[in-house]
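What follows is a single structure, written as structure tokens, with notes after it.
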Amino acid sequence: MKKIVLRHSLVLLPLVYLFWILIYPNTLRWMEAMSFFSTLPDFTRLQVRYLADYPDYVGAFLLQFYRWAWLGALLQTLFAWLVMFSADVVVYRLTKRSDRMWLSFVAVGALLAFQAQFTMLGNTLLIVVVSLVVALLVWLVTSKKDDRSNKPNLSPLNLYILPSILIVAGCVVSYSTKENRVRERIYRVEFLAEQGEWDKILKIVTPEVAAQDPVRRRYALLALLENGQLSNKMFSYGVTSSDDFFFPHSVDHIGISFNGYFNKSLSADNEAMHSWFQLNSISRFGYSARAMRGIVDTALKQRDVALAEKYIRIMLSSTCHKNWVKPRIKQLSALRYEPKVENNPESDIWSVWHGEHPVVIETAGLFEADPTNKKLADVLCCGLLASRQLPKFMNIFNYALANAYKGIRHIPIHYEEALLLASRQDPSVLQRFPISSFKQSEFQRFAAFMDSGNTTQAAKVHGNTYWAYHFLGR
């Protein structure tokens with residue numbers, strides 16, 4: 001049997017590891033991000049009040065290592081190997097025939113088919129434990145003598161080909177599950193956003209992809225914002241309203257995570273902190289590694305020494321965050337000797353816009369407090385365009401030119417388009433703003449199509465402009 005287990009291991013280990021590291025690397029990272037483990041006594045008492053809590057608690061400890069996809073893939077492979085070993089013992093002791101040993105991979109294939117959906121590891125660990133217990137019972141109650149009357153059948157078909165087929169079948173079933181594929185795509189852009197890899201997001205989420213995928217569309221718009229291209233390209237990415245900039249009223253981890261990154265990008269620290277605490281509240285353990293990292297970084301940015309110290313201490317009780325915490329302890333020590341700077345914004349320059357989309361109202365308040373923040377100006381102006389609020393856009397754009405946009409050499413493309421549309425009612429716009437002659441000629445062609453009632457051609461030729469969006473809903 002030892003030789004058979006060895007040969008089965010040679011088949012399983014590379015195939016299963018490659019499956020996880022190539023197909024689901026971001027799912028592995030997400031599993032760590034949504035879990036949390038601490039050695040603090042209070043945490044342990046809360047998580048293991050009942051016997052059924054132990055698998056998830058042990059899983060939380062192991063999930064810490066999934067922060068590195070290669071290590072998470074190794075652990076997932078280990079679980080599959082333990083199931084294979086247990087099944088080998090059961091099949092060998094019950095059938096006494098080596099040519100039936102490939103049947104043990106039926107259990108492995110079944111595990112692989114559903115393992116990607118066991119995101120808290122509790123179910124996976126339960127399957128592994130049950131498999132080992134069953135194997136032990138079979139080992140104890142069956143005879144150790146095997147049938148030597150027939151020569152063991154160690155043919156490649158039984159040892160390598162059939163096991164490989166069953167493993168691949170399990171992988172195919174897993175990948176054919178649409179939910180698994182969709183989650184992996186979303187988790188990929190989440191991870192890239194966390195790392196600040198905005199160019200890679202735009203390579204993955206093309207305008208065609210963004211038009212079909214509302215979740216990844218928001219990450220593409222955020223990447224455009226970070227790269228300073230939001231006001232030039234947003235209508236190419238399928239924007240339907242200002243709500244496309246973030247997830248209003250979100251109560252799930254996908255929307256809340258994005259809102260955290262969005263608010264972090266805008267330096268809206270209070271809103272970012274709210275998102276991270278909200279993410280903690282919906283997590284399985286009342287904490288999540290992603291939210292805890294976000295809380296610490298935001299508290300340090302806000303110079304909130306007491307809050308940062310509290311959560312750094314909690315993170316130190318985790319097994320895999322020691323290196324992550326070290327530079328933040330230095331930041332915390334430096335903050336102790338810095339006076340906290342109070343933000344005293346000027347008096348209101350806008351009243352609250354009732355009926356506007358949440359992102360417009362919230363960004364307007366933030367921009368009032370920080371009028372030099374270009375990202376806030378981009379989101380507010382683009383949000384007004386997405387809401388088709390041209391008069392309000394004109395007011396804010398004029399204000400932004402004297403503050404966040406002060407000194408810009410060229411007016412962004414979509415702003416030019418909005419200004420040209422406004423010039424239909426106020427021709428002085430053309431004298432007050434330096435709009436390119438090319439864009440003016442393009443607008444004249446669009447206006448000619450619209451005036452003649454040829455909306456189809458207008459949409460075809462100018463589909464990615466603010467004019468088409470404003471009039472044709474494109």
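Because the structure is predicted, anything quoted here is derived from the model rather than measured.
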Are I4 and L159 close enough, and set up right, to give a side chain to side chain contact (heavy atoms under 4.5 Å, CB included), and what steps lead you there? CA-CA 7 Å; I4 294 175; L159 283 176; 4.3 Å; yes
Test side chain to side chain donor-acceptor pair (under 3.5 Å) applied to H253 and R290, step by step: CA-CA 11 Å; H253 61 82; R290 172 178 293 167; 5.9 Å; no
For F446 and H462, what are the C-alpha separation, side-chain angles and deciding distance, and is it a ring-ring contact (aromatic ring centres under 6.0 Å, His included)? CA-CA 7 Å; F446 175 82; H462 306 282; 5.7 Å; yes
Could you walk me through whether H8 and W81 satisfy the ring-ring contact (aromatic ring centres under 6.0 Å, His included) test, starting with their C-alpha distance in whole Å, then the side-chain angles of each, then the deciding distance to 0.1 Å, before giving a yes or no? CA-CA 9 Å; H8 281 180; W81 184 87; over 10 Å; no
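Salt-bridge annotation for R181 and E184: absent, with no side-chain N of the basic residue lying under 4.0 Å from a carboxylate O of the acidic one. Ion pair E194/R29 not flagged as a salt bridge, since none of the NZ, NE, NH1 or NH2 atoms sits closer than 4.0 Å to an Asp/Glu carboxylate oxygen. Taking 4.0 Å as the cut-off between side-chain N and carboxylate O, D378 and K374 count as a salt-bridged pair. Ion pairing of K200 with E226 is absent here, as no side-chain N (NZ or NE/NH1/NH2) approaches a carboxylate O to less than 4.0 Å.
The shortest heavy-atom contact between V296 and R328 is CG1-CD, 4.1 Å. Closest non-hydrogen pair, L125 versus G59, comes out as CD1-N, 3.5 Å.
Between Y57 and F43, the ring-plane angle classifies as tilted under the 30° and 60° cut-offs. Taking the six-membered ring for Trp and thresholds of 30 and 60 degrees, F393 and Y415 have ring planes inclined between 30 and 60 degrees apart. Classified by interplanar angle (parallel below 30°, tilted 30° to 60°, perpendicular above 60°), the ring pair F65/F61 is perpendicular. Relative ring orientation between F36 and Y287 is described as tilted, the plane-to-plane angle lying within the 30° to 60° band.
Distance CZ/F118 to CG/L111: 7.0 Å, rounded to 0.5 Å.
T465 and E417 share no side-chain donor-acceptor pair at under 3.5 Å.
F235 and Y466 have their aromatic ring centers within a separation under 6.0 angstrom. Under the 6.0 Å cut-off for aromatic ring centres, W276 and Y311 do not qualify, their centroids lying 6.0 Å or more apart.
In this structure, R183 places its CZ atom where more than 12 heavy-atom neighbours from other residues, nucleotides or ligands lie under 6.0 Å away.
Considering only heavy atoms from C-beta on, Y237 comes within 4.5 Å of L221 through its side chain.
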